[in-house]
Each structure stands twice: as structure tokens, then as C-alpha cells.
Amino acid sequence: MKARERADKIEEILFQEFGELGPTLIFHSDFECLVSILLSAQTTDLSVNKVTPALFKRFRNPSDFAGASVEEIRRYIKTLGLSNAKARSLKGLGQWFLERGTEEVPHEMEALVSMPGVGVKTAGVFLIERDRPHSFPVDTHIFRVTGRLGLQRAKDPIKAGEALYRLYPGGKAGYMHRAFITLGRRICDARNPRCNVCPLRDLCPRLHLGKKASSTALR
């Protein structure tokens with residue numbers, strides 16, 4: 001089976017298995033979306049969703065973040081990992097908008113990554129969540145799952161994302177991004193993958209490599 005055919009088959013099977021997959025973060029605007037994604041680094045979406053209602057009630061726009069102290073912002077997100085750094089980023093984010101006299105979040109990668117605390121991955125996830133994918137952002141779940149499936153053999157997430165975006169360009173990137181994360185969380189665990197119930201078991205090279213599989217294939 002050719003690479004493109006295999007990629008399409010994987011997409012078909014995952015859609016049959018998971019159906020429609022929407023965002024797991026809860027937000028109501030571009031700005032809330034960006035803030036939620038920034039907060040989700042090294043923590044779960046569920047944890048973020050627990051703090052954002054109170055956070056967004058107090059900080060309704062970028063100006064509110066810009067005018068607050070880092071310590072006040074931190075108090076609203078103190079249960080999340082890296083709360084000090086994230087609070088500084090949120091204040092800086094507010095100042096970024098204030099200095100430009102706008103509250104509109106840009107939908108261009110170059111502008112997004114110029115913001116405090118917003119890197120390529122955060123920007124890529126934001127664009128996917130707002131249905132404007134420019135790339136295929138890769139987290140640990142996606143890197144592991146797609147490596148095991150042989151969809152990419154890169155040594156870093158950026159190169160992996162480039163390979164995956166060639167397989168799943170445009171609108172496909174959004175769905176497959178969520179599908180691979182879901183597969184990684186529910187079935188393709190890092191230490192104890194449940195291969196016997198995986199819907200992709202017949203397409204996974206890992207299951208045919210035996211105990212002497214290479215570290216690349218088992219990534």
C-alpha cells in the first residue's frame with residue numbers, strides 16, 4: 001500500500017472509531033482560545049477548563065491582563081503547572097495587544113509567534129482550533145503514535161509536523177491532530193499500548209517487528 005493510500009486508510013478508520021472530534025478546551029472567542037492553549041502546556045485540558053471560567057470572568061480582554069499584576073493573574077491559575085511563567089506570559093500577551101491598539105487575534109503564524117509565550121506549537125494548535133490550519137503541530141502523543149505507525153520518522157516534532165502536514169494538508173490536519181491525540185490518550189499509551197484493541201492494529205508496523213523492533217519504530 002502506498003504512503004498516501006495508507007494515510008487515507010488510517011484517516012478513514014479513525015473517523016469510524018472516534019467520529020467527529022471537537023476541541024476539548026472550552027472557550028468562546030479567539031482570545032480565550034489562545035489563552036487556553038497557552039495554559040495547556042504541560043497540563044491537561046481538563047485542568048485548564050477548571051480554571052478558565054473564573055479567569056475569563058475577571059480578565060475579559062487583553063487590556064485586563066495588561067493592567068493586572070503577575071501575582072494576581074497567577075492566583076487564578078495557581079493549580080496549573082508553570083503558573084508563574086504562564087502568568088508572566090498572559091500579562092505580556094495583554095501588553096502586546098495594548099501596544100498595537102487591537103484586541104483581534106491574528107491568524108498568521110508569523111504574527112502569532114511574535115507574542116509572549118506563543119511558540120510554533122501553540123500558534124499551530126490555535127490555527128487548527130480556529131479552522132485555519134497552516135501546519136500540523138505535534139505533541140508527545142502525536143509524535144509517539146505517528147512514529148509507531150511509520151507515518152513520520154523524524155527526530156524532532158517540527159520535522160514530524162512537516163511530514164504529517166504533507167500527508168494531511170489543509171482541513172485534514174485539524175481532524176487528524178485531534179484523532180492522533182485521542183488515540184494516544186485512550187489506546188496507544190507510551191508504556192502499555194493496548195494493541196489488541198487498537199483499530200489500526202492491522203496497519204501498525206510495530207506489531208510486526210517483534211521484540212527486537214528498532215527504537216525508532218517503537219518511539
Side-chain angles (χ1 to χ4, degrees), residues 21-144 156-158 160-161 174 177-178 180-182 184-186 189-190:
L21 291 170
T24 54
L25 290 169
I26 298 173
F27 50 82
H28 303 94
S29 68
D30 276 3
F31 184 67
E32 288 188 4
C33 176
L34 184 61
V35 169
S36 296
I37 294 168
L38 191 153
L39 292 176
S40 69
Q42 297 189 34
T43 192
T44 65
D45 290 356
L46 179 61
S47 296
V48 174
N49 291 338
K50 288 180 179 179
V51 305
T52 48
L55 181 73
F56 293 144
K57 184 176 181 179
R58 164 62 181 89
F59 303 99
R60 297 179 181 276
N61 52 52
S63 296
D64 287 342
F65 281 109
S69 68
V70 171
E71 177 53 30
E72 182 186 6
I73 298 171
R74 192 198 70 80
R75 287 200 296 269
Y76 283 85
I77 61 172
K78 62 184 179 181
T79 58
L80 304 180
L82 307 175
S83 61
N84 287 324
K86 290 174 181 178
R88 289 193 296 271
S89 293
L90 290 181
K91 182 174 176 63
L93 196 64
Q95 292 172 332
W96 187 95
F97 284 96
L98 196 63
E99 290 168 0
R100 287 158 181 77
T102 182
E103 293 186 356
E104 297 294 322
V105 181
H107 285 190
E108 295 76 37
M109 179 67 75
E110 184 176 356
L112 287 166
V113 297
S114 72
M115 297 176 172
V118 180
V120 173
K121 178 187 168 185
T122 297
V125 174
F126 170 79
L127 292 171
I128 276 182
E129 298 293 8
R130 305 316 277 167
D131 296 321
R132 295 173 180 267
H134 291 192
S135 61
F136 201 116
V138 172
D139 71 353
T140 56
H141 293 296
I142 294 173
F143 194 64
R144 177 179 71 254
D156 65 80
I158 293 178
H177 179 266
R178 294 174 184 138
F180 286 136
I181 290 176
T182 302
R185 287 173 175 168
R186 295 183 186 178
D189 183 77

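When side chains are defined from C-beta on, Leu80 counts as touching Ser47, because their heavy atoms get closer than 4.5 Å. In this structure, the side chains of Pro106 and Leu112 come closer than 4.5 Å at one or more pairs of heavy atoms. At a threshold of 4.5 Å between non-hydrogen side-chain atoms, the residues Glu104 and Asp30 do not count as touching. Under the 4.5 Å side-chain criterion, counting only non-hydrogen atoms from C-beta, Arg88 is not in contact with Pro116. For the pair Trp96/Ser114, a side-chain contact is recorded, criterion being any heavy-atom separation below 4.5 Å from C-beta on. A 4.5 Å side-chain heavy-atom check between Phe65 and Arg60 finds every atom pair outside the cut-off. Looking at heavy atoms from C-beta onward, Phe180 lies out of side-chain contact with His141 at the 4.5 angstrom threshold. Side-chain contact between Ile128 and Pro137 is present, with at least one heavy-atom pair separated by less than 4.5 Å.
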message: For a side-chain contact (heavy atoms from CB on, under 4.5 Å) check, start with the C-alpha distance between Leu38 and Met115, then their side-chain angles and the critical distance, and finish with the verdict.
response: CA-CA 11 Å; Leu38 191 153; Met115 297 176 172; over 6 Å; no
field: Residues Val35, Phe59; criterion side-chain contact (heavy atoms from CB on, under 4.5 Å); working and verdict
entry: CA-CA 11 Å; Val35 169; Phe59 303 99; over 6 Å; no
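Rounding to the nearest 0.5 angstrom, the gap separating the OG atom in Ser40 from the CG atom in Asp45 is 5.5 Å. Annotation: the span from Arg144 atom CZ to Ile181 atom CD1 amounts to 10.5 Å, rounded to 0.5 Å. Once rounded to the nearest 0.5 Å, the distance linking NE2 of His134 with CG of Leu127 reads 5.0 Å. Rounding to the nearest 0.5 angstrom, the gap separating the CD atom in Gln95 from the CG atom in Leu93 is 10.0 Å. Considering CD1 of Ile77 and CG of Asn84, their distance stands at 8.5 Å, rounded to 0.5 Å. Rounding to the nearest 0.5 Å places CD1 of Ile73 at 11.5 Å from OG of Ser83.
Side chain of Asn49 to backbone of Ile26: a donor-acceptor contact under 3.5 angstrom is found. Remark: the backbone N or O of Val70 is not paired with any side-chain donor or acceptor of Lys91 at under 3.5 angstrom. Thr52 places no side-chain N or O within 3.5 Å of a backbone atom of Leu55 that could act as its donor or acceptor partner. Between the Glu129 side chain and the Val125 main chain, no donor and acceptor come within less than 3.5 Å of each other.
Between Leu98 and Ser63, the shortest heavy-atom distance links the atoms CD1-OG, 3.7 Å. The two residues Phe27 and Ser36 have their closest heavy-atom pair at CB-OG, 4.3 Å. In terms of heavy atoms, Phe143 sits closest to Pro157 at CE1-N, 4.1 Å. Across every non-hydrogen atom of Ala41 and Lys86, the tightest pair is O-NZ, 2.7 Å.
Annotation for Leu82: atom CG counts as buried by contact number, over 12 foreign heavy atoms lying within 6.0 Å. Around atom CZ of Arg132, no more than 12 heavy atoms belonging to other residues, nucleotides or ligands sit under 6.0 Å away.
A search for salt bridge (charged side-chain N to carboxylate O under 4.0 Å, His left out) contacts involving Glu71 returns Arg74, not counting sequence neighbours.
Remark: Asp139 does not engage Lys121 in a salt bridge, criterion side-chain N to carboxylate O under 4.0 Å.
Ring centroids of Phe97 and Phe31 are separated by less than 6.0 Å, placing the two rings close together. Annotation: Phe126 is in aromatic contact with His107 [ring centroid separation under 6.0 Å].
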